[in-house]
Amino acid sequence: MVKKWDAIVIGAGVIGLSLAIELNKQGLRVLVVEKGEPGREASWAAGGMLVDSPAETQPALRELATASARMYPEFVHELEDESRLKIDLRSVGTIVLSQNPDATQACPLPRPLAELEPDLQNSDGGAQRFSALFLKERCVDPRDVTAAALAAARHRDVDFSSGDEVLGVEVADGKVSGVLTNKTRFAAGVAVNCAGAWAGQIAPHTFPTRPVKGQMVCVVMPEKEMVRHVVRAPEVYLIPRSDGRMVIGATAEEAGFDKRTVPETIQKLRQAAIDLVPRLAEARILEAWAGLRPGTPDGLPILGATPTPGYFVATGHFRDGILLAPLTAKLIGQVITGERPEFDLGPFEAARFQD
Ligand SMILES: Cc1cc2nc3c(=O)[nH]c(=O)nc-3n(C[C@H](O)[C@H](O)[C@H](O)COP(=O)(O)OP(=O)(O)OC[C@H]3O[C@@H](n4cnc5c(N)ncnc54)[C@H](O)[C@@H]3O)c2cc1C
């Protein structure tokens with residue numbers, strides 16, 4: 001007998017993996033089809049800031065960002081529980097260094113900057129360089145999240161086919177009948193495109209996603225917790241991890257599907273970090289990489305149903321896919337199972353791009 005699933009999730013990034021778990025919880029038999037290895041694209045490359053700041057989030061996305069940020073501790077707890085893997089979720093907070101002194105009034109620092117981050121250098125020849133504000137944002141190691149989500153999905157008997165590229169979603173009698181890959185076909189009445197920056201390449205619809213390249217470098221801090229907060233400055237951001245690593249990011253480049261790092265660019269990022277925290281000059285470089293954010297023409301994700309019955313989409317999360325994963329999974333789960341989604345998905349419909 002040919003095996004059949006209730007739903008096929010295309011792409012095993014943080015969005016596809018979170019959704020596969022959600023659909024499994026709703027009682028669906030789920031297959032995830034991944035062209036490479038699960039969790040090795042944008043979700044592996046990300047910094048993991050859970051940005052929930054009106055100044056930095058598009059108005060249409062703010063409610064979703066706040067709701068998803070609130071879901072994070074429980075999301076992480078469940079994944080840790082089901083996977084038996086540890087996820088580095090930090091709640092120390094974020095210091096935003098800005099050239100706009102007005103921005104600091106709404107979110108003052110709880111203590112002087114020199115006490116919060118003694119190694120952070122905020123003066124230049126005696127003059128203060130930046131105004132500083134404090135946000136109670138969390139950050140997470142995205143590689144921990146995808147590893148735990150993968151293990152949790154497997155534990156729940158979600159099926160996987162890796163190294164298998166979906167070429168198109170198949171339609172019979174006007175609705176989804178399965179997917180065609182470069183190796184085989186899989187049968188299901190529901191398919192969800194979670195293919196990140198590649199989402200537009202899968203027939204029959206051409207979602208207008210594009211890759212936005214981000215280069216990053218990771219160093220080992222001279223001392224664990226030398227920097228404790230996430231620090232965002234105009235030219236660079238610093239994300240400390242609990243094991244003593246620090247991720248320094250990131251560029252935003254229109255460079256097609258090119259994931260190569262450029263030594264000069266990595267050096268510039270490192271230097272910008274040293275300008276903020278001079279002791280980072282002693283820090284050993286561990287790794288440099290680039291990843292492809294799934295961008296869209298209006299910078300908003302593409303979420304919900306498509307014109308083909310049974311075919312859904314959850315992509316285009318651009319800079320916020322790690323943050324938005326728990327809520328995206330919940331909302332798309334609701335749409336697929338015929339429930340009314342908790343938030344209005346109107347602004348995120350694929351149809352907004354059709355003339
Ligand atoms: C440098 C950088 C820093 C970032 N920092 C942050 C941050 O601090 N906070 C935050 O929230 N977000 C951040 N992001 C954004 C975040 O990484 C993305 O929004 C998120 O990972 C998108 O998840 P995804 O599952 O849609 O995409 P991906 O992780 O790219 O997953 C898509 C998957 O689909 C697979 N696929 C593609 N085409 C096919 C096909 N035809 N058939 C089968 N499989 C296919 C791919 O191989 C891939 O595994 C950052 C991104 C980058 C690059």
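These numbers come from a predicted model, not from an experiment. Note that ligands are numbered from 1 as they come in the structure, with each ligand's atoms numbered from 1 the same way.
Atom NZ of Lys136 has 12 or fewer heavy atoms from other residues, nucleotides or ligands within 6.0 Å.
Between Leu85 and Glu80, the closest side-chain pair of non-hydrogen atoms is not below 4.5 Å. At least one side-chain heavy atom of Phe207 sits under 4.5 Å from a side-chain heavy atom of Val313. Looking only at side-chain heavy atoms (C-beta outward), Ser18 and Pro326 stay at 4.5 Å or farther from each other. Side-chain contact between Ile336 and Glu22 is absent, with no heavy atoms from C-beta onward closer than 4.5 Å. Residues Glu41 and Trp198 have side chains in contact (heavy-atom distance under 4.5 Å, counting atoms from C-beta outward). Looking at heavy atoms from C-beta onward, Arg228 lies in side-chain contact with Glu117 at the 4.5 angstrom threshold. Taking 4.5 Å as the limit, every side-chain heavy atom of Ser83 sits out of range of all side-chain heavy atoms of Leu150. With contacts defined as side-chain heavy-atom distances shorter than 4.5 Å, the pair Val262/Thr251 does not qualify.
Looking from atom 21 (O) of ligand 1 to the surrounding protein, the closest heavy atom is Ser43 OG, 2.9 Å. With respect to atom 27 (O) of ligand 1, the closest heavy atom belonging to the protein is Gly196 CA, 3.8 Å. Summary of contacts: the protein heavy atom closest to atom 41 (N) of ligand 1 is Val166 O, 2.9 Å. What sits closest to atom 15 (C) of ligand 1 on the protein, heavy atoms only, is Phe318 O, 2.9 Å. Among protein heavy atoms, atom 34 (O) of ligand 1 sits closest to Gly11 CA, 3.2 Å. Protein heavy atom closest to atom 5 (N) of ligand 1, with residue, atom name and distance, is Gly47 N, 3.1 Å. For atom 31 (O) of ligand 1, the nearest protein heavy atom (residue, atom name, distance) is Gly13 CA, 3.3 Å. Among protein heavy atoms, the minimum distance from atom 24 (P) of ligand 1 is reached at Ile15 CG1, 3.7 Å.
Remark: ligand 1 and Ala197 share no N or O pair separated by less than 3.5 Å (distance only, no angle test). Annotation: Ile202 places no N or O atom under 3.5 Å from an N or O atom of ligand 1; distance criterion only. Looking at Gly39 next to ligand 1, no N or O pair under 3.5 Å apart turns up. At a 3.5 angstrom cut-off on N or O pairs, Ala250 does not count as close to ligand 1. An N or O contact shorter than 3.5 Å is missing between Gly16 and ligand 1 by distance. Any N or O atom pair closer than 3.5 Å counts here, and Glu34 shares at least one such pair with ligand 1.
A salt bridge does not link Arg319 with Glu56: none of the charged nitrogens is closer than 4.0 Å to a carboxylate oxygen. Ion pair Lys175/Glu170 not flagged as a salt bridge, since none of the NZ, NE, NH1 or NH2 atoms sits closer than 4.0 Å to an Asp/Glu carboxylate oxygen. With respect to Asp159 and Lys3, a salt bridge is recorded, a charged nitrogen being found less than 4.0 Å from a carboxylate O. Salt bridge absent: Glu82 and Arg154 never bring a charged side-chain N and a carboxylate O closer than 4.0 Å. Using a 4.0 Å cut-off between charged side-chain N and carboxylate O, Asp243 and Arg241 make no salt bridge. Salt-bridge annotation for Glu254 and Arg210: present, with a side-chain N of the basic residue lying under 4.0 Å from a carboxylate O of the acidic one. Note on Arg143 versus Asp141: no salt bridge recorded, every NZ/NE/NH1/NH2 to OD/OE distance being 4.0 Å or above.
When the heavy atoms of Arg319, Lys35, Glu165, Glu37 are ranked by distance to atom 36 (N) of ligand 1, first place goes to Lys35. The option from Leu323, Val145, Ile10 that lies nearest to atom 11 (O) of ligand 1, judged by heavy atoms, is Leu323.
Ligand-side atoms of ligand 1 in range of Val14: 23 (O), 25 (O), range being under 4.0 angstrom from any heavy atom. Near Gly291, with a cut-off below 4.0 Å to any heavy atom, the atoms of ligand 1 are 53 (C). Near His317, meaning under 4.0 Å from one of its heavy atoms, ligand 1 places the atoms 19 (O). Residue Asp164 has at least one heavy-atom neighbour below 4.0 Å for each of these atoms of ligand 1: 43 (C). Close contacts between ligand 1 and Ala45 involve ligand atoms 1 (C), 2 (C) [criterion: under 4.0 Å to a heavy atom]. Atoms of ligand 1 lying under 4.0 Å from at least one heavy atom of Asp320, given by number and element, are 10 (C), 11 (O), 12 (N). The distance from ligand 1 to the heavy atoms of Gly214 drops below 4.0 Å at these ligand atoms: 1 (C). Short contacts between ligand 1 and Ala42, defined as distances under 4.0 Å to a heavy atom of the residue, involve ligand atoms 17 (O), 21 (O), 28 (P), 29 (O), 30 (O).
Residue contacts with ligand 1: Tyr237 is included, with a non-hydrogen atom under 4.0 Å away. The closest approach between Leu50 and ligand 1 stays at or above 4.0 Å for every heavy atom of the residue.
At a heavy-atom cutoff of 4.0 Å, ligand 1 is contacted by no atom of Trp289, backbone or side chain. Contacts between Val33 and ligand 1, counted as non-hydrogen atom pairs separated by less than 4.0 Å, involve the backbone only. Contact annotation for Met216 and ligand 1: only side-chain heavy atoms (C-beta onward) come within less than 4.0 Å of the ligand. With a 4.0 Å cut-off on non-hydrogen atoms, Cys194 touches ligand 1 through its backbone and not its side chain. Contacts between Leu17 and ligand 1 below 4.0 angstrom, taking non-hydrogen atoms only, are absent altogether.
Listed for the Thr296 side chain is a donor-acceptor partner under 3.5 Å among the backbone atoms of Leu300. Between the side chain of Asp6 and the backbone N or O of Arg29, at least one donor-acceptor pair lies under 3.5 Å.
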